Asks: 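Please find one structure pasted underneath; my questions will follow.
Because the structure is predicted, anything quoted here is derived from the model rather than measured.
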Amino acid sequence: MTLWLTFASGLLSLVLGIILGVMRSAPLGIIRSIAAGYTEFFRNIPLLTVLFFLYIFFGGKYAGFTIEPVTTAIIAFGVYTAAYVAEVVRAGLTTVSKGNIEAARSQGMSFIQAMRYVQLPQAIRVAVPPLGTLFIALLKNTSLAYTISIAELFFQGNLVEARTFNPFILPLVGTIYVALTLPMGALVNLIERKWAIQR
């Protein structure tokens with residue numbers, strides 16, 4: 001469950017974050033303002049607030065329909081992390097040489113085409129390390145899903161500890177998190193080295 005929450009919400013945050021990051025670099029001020037407002041809002045409130053609000057909103061039928069807690073958690077983690085992904089992407093876009101952008105536009109490319117074929121591929125390469133750090137943090141943040149009764153890793157460890165009174169259960173849970181995050185860090189380093197060679 002922990003891995004599923006990380007994968008699904010990570011994918012959602014990556015897609016939404018890239019869109020928002022591109023919007024932050026758009027030529028139209030209104031588009032930049034919308035994206036900036038989104039990122040500033042979610043970066044300045046606790047993740048637990050987003051999780052509880054969506055859980056109550058959808059679970060309490062205020063939306064006119066209900067969504068399963070797991071789906072609610074994926075949406076909460078996804079939209080929250082997307083704000084940070086957007087800032088990483090925006091920062092990556094600023095590292096792209098203006099000469100490359102001007103060359104693309106002089107070839108008749110529109111803003112979207114230049115972004116898709118020139119700016120974004122270069123920006124993503126630069127953004128790999130901070131994005132990796134974000135997704136490692138996301139994996140650890142999924143432990144908050146236990147607050148809405150989702151049986152992820154921390155929930156299960158807490159349940160076993162409450163039943164057995166074994167003081168070593170929660171340290172074991174922490175060790176499992178380490179075992180999950182270390183390979184993620186190694187993968188990020190591998191991708192970073194591979195793409196750095198291809199530049």
Side-chain angles (χ1 to χ4, degrees), residues 1-25 35-36 38-48 50-51 70-71 73-97 100-101 114-146 150-157 170-199:
M1 180 57 70
T2 293
L3 291 176
W4 168 241
L5 289 174
T6 303
F7 173 78
S9 58
L11 184 60
L12 174 61
S13 69
L14 185 62
V15 172
L16 184 56
I18 289 175
I19 293 172
L20 289 166
V22 171
M23 289 173 64
R24 290 294 303 270
S25 302
Y38 180 100
T39 55
E40 288 304 313
F41 176 78
F42 282 102
R43 289 172 63 202
N44 287 284
I45 59 174
L47 173 55
L48 200 58
V50 180
L51 185 62
V70 172
T71 305
I74 290 171
I75 295 172
F77 295 139
V79 298
Y80 183 85
T81 307
Y84 293 89
V85 173
E87 285 301 291
V88 170
V89 172
R90 183 192 63 80
L93 288 171
T94 62
T95 66
V96 179
S97 169
N100 290 351
I101 302 170
M115 182 65 68
R116 177 182 176 185
Y117 296 109
V118 179
Q119 288 181 264
L120 204 52
Q122 296 181 61
I124 292 298
R125 288 183 177 184
V126 175
V128 165
L131 284 177
T133 301
L134 280 179
F135 293 139
I136 289 171
L138 174 59
L139 187 148
K140 294 181 290 184
N141 285 341
T142 59
S143 61
L144 293 176
Y146 92 96
I150 294 177
E152 45 70 61
L153 179 58
F154 186 81
F155 180 96
Q156 298 286 17
L170 293 183
L172 176 60
V173 170
T175 303
I176 295 173
Y177 277 111
V178 172
L180 292 174
T181 56
L182 285 180
M184 290 179 65
L187 178 61
V188 170
N189 291 334
L190 178 63
I191 295 173
E192 181 184 6
R193 288 196 301 269
K194 181 178 178 181
W195 283 7
I197 293 173
Q198 293 177 348
R199 288 183 188 179

Asks: Can you sort out the partners of E152 under salt bridge (Lys or Arg N to Asp or Glu O under 4.0 Å), two or more places apart, ordered by chain and number?
Replies: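 Checked E152 against salt bridge (Lys or Arg N to Asp or Glu O under 4.0 Å); zero matches.
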Asks: For V118, does its backbone N or O pair with a side-chain atom of Q122 as donor and acceptor, under 3.5 Å?
Replies: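 Judged by distance alone, yes, a pair lies under 3.5 Å.
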Asks: Below 4.5 Å, heavy atoms only, C-beta onward: do F42 and L47 meet side chain to side chain?
Replies: no
Asks: Using atom types as modelled and distance alone, determine if a side-chain donor or acceptor of Y84 lies under 3.5 Å from a backbone N or O of S13.
Replies: no
Asks: Would you call V50 and I45 a side-chain contact if the rule is heavy atoms closer than 4.5 Å?
Replies: yes
Asks: What I'd like to find out is whether the side chain of L93 reaches to under 4.5 Å of the side chain of M115, using heavy atoms alone.
Replies: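 Side-chain contact under 4.5 Å: yes.
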Asks: Give, for atom OG1 of T94 and atom CD of Q119, the distance between the pair rounded to the nearest 0.5 Å.
Replies: 10.0 Å
Asks: Quick one: does L5's side chain get under 4.5 Å of L138's, heavy atoms only?
Replies: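 Side chain of L5 against side chain of L138, heavy atoms only: no contact under 4.5 Å found.
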Asks: Are the side chains of S9 and T81 in touch, meaning some heavy atoms are under 4.5 Å apart?
Replies: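 Side chain of S9 against side chain of T81, heavy atoms only: no contact under 4.5 Å found.
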Asks: If I compare all heavy atoms of T95 with all of G92, which pair ends up nearest, and what's the gap?
Replies: OG1-O, 2.5 Å
Asks: Once you round to the nearest 0.5 Å, how far does CD1 of I136 lie from OG1 of T6?
Replies: 11.0 Å
Asks: Evaluate the side-chain proximity of F154 to T2: yes if any heavy-atom separation is below 4.5 Å, no if none is.
Replies: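 Contact flag for T2/F154 side chains = no.
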Asks: Taking all atoms of both residues into account, what is the closest heavy-atom pair of V89 and A123, and its distance?
Replies: O-CB, 4.5 Å
Asks: Can you tell me how far apart CG (L3) and OG1 (T142) are? Round to the nearest 0.5 Å.
Replies: 8.5 Å
Asks: Please round to the nearest 0.5 Å and tell me the distance separating atom CD of Q156 and atom CE of M1.
Replies: 9.0 Å
Asks: State the CE-CG distance between M23 and L16, to the nearest 0.5 angstrom.
Replies: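 The CE atom of M23 sits 9.0 Å away from the CG atom of L16.
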Asks: Indicate the atoms forming the closest heavy-atom contact of P46 with Y80, along with that distance.
Replies: C-CE1, 4.0 Å
Asks: Return yes when atom OH of Y177 has more than 12 non-hydrogen atoms of other residues, nucleotides or ligands closer than 6.0 Å, and no otherwise.
Replies: yes
Asks: For T39 and R24, test the side chains for any donor-to-acceptor distance below 3.5 angstrom and give the result as yes or no.
Replies: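 A pair is found: one side chain offers a donor N or O, the other an acceptor, under 3.5 Å apart.
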Asks: Look up atom CG in L51 and atom CG in N141, then write down how far apart they are to the nearest 0.5 Å.
Replies: 10.5 Å
Asks: Give the intermediate values and the outcome of side chain to side chain contact (heavy atoms under 4.5 Å, CB included) for residues F135 and V188.
Replies: CA-CA 10 Å; F135 293 139; V188 170; over 6 Å; no
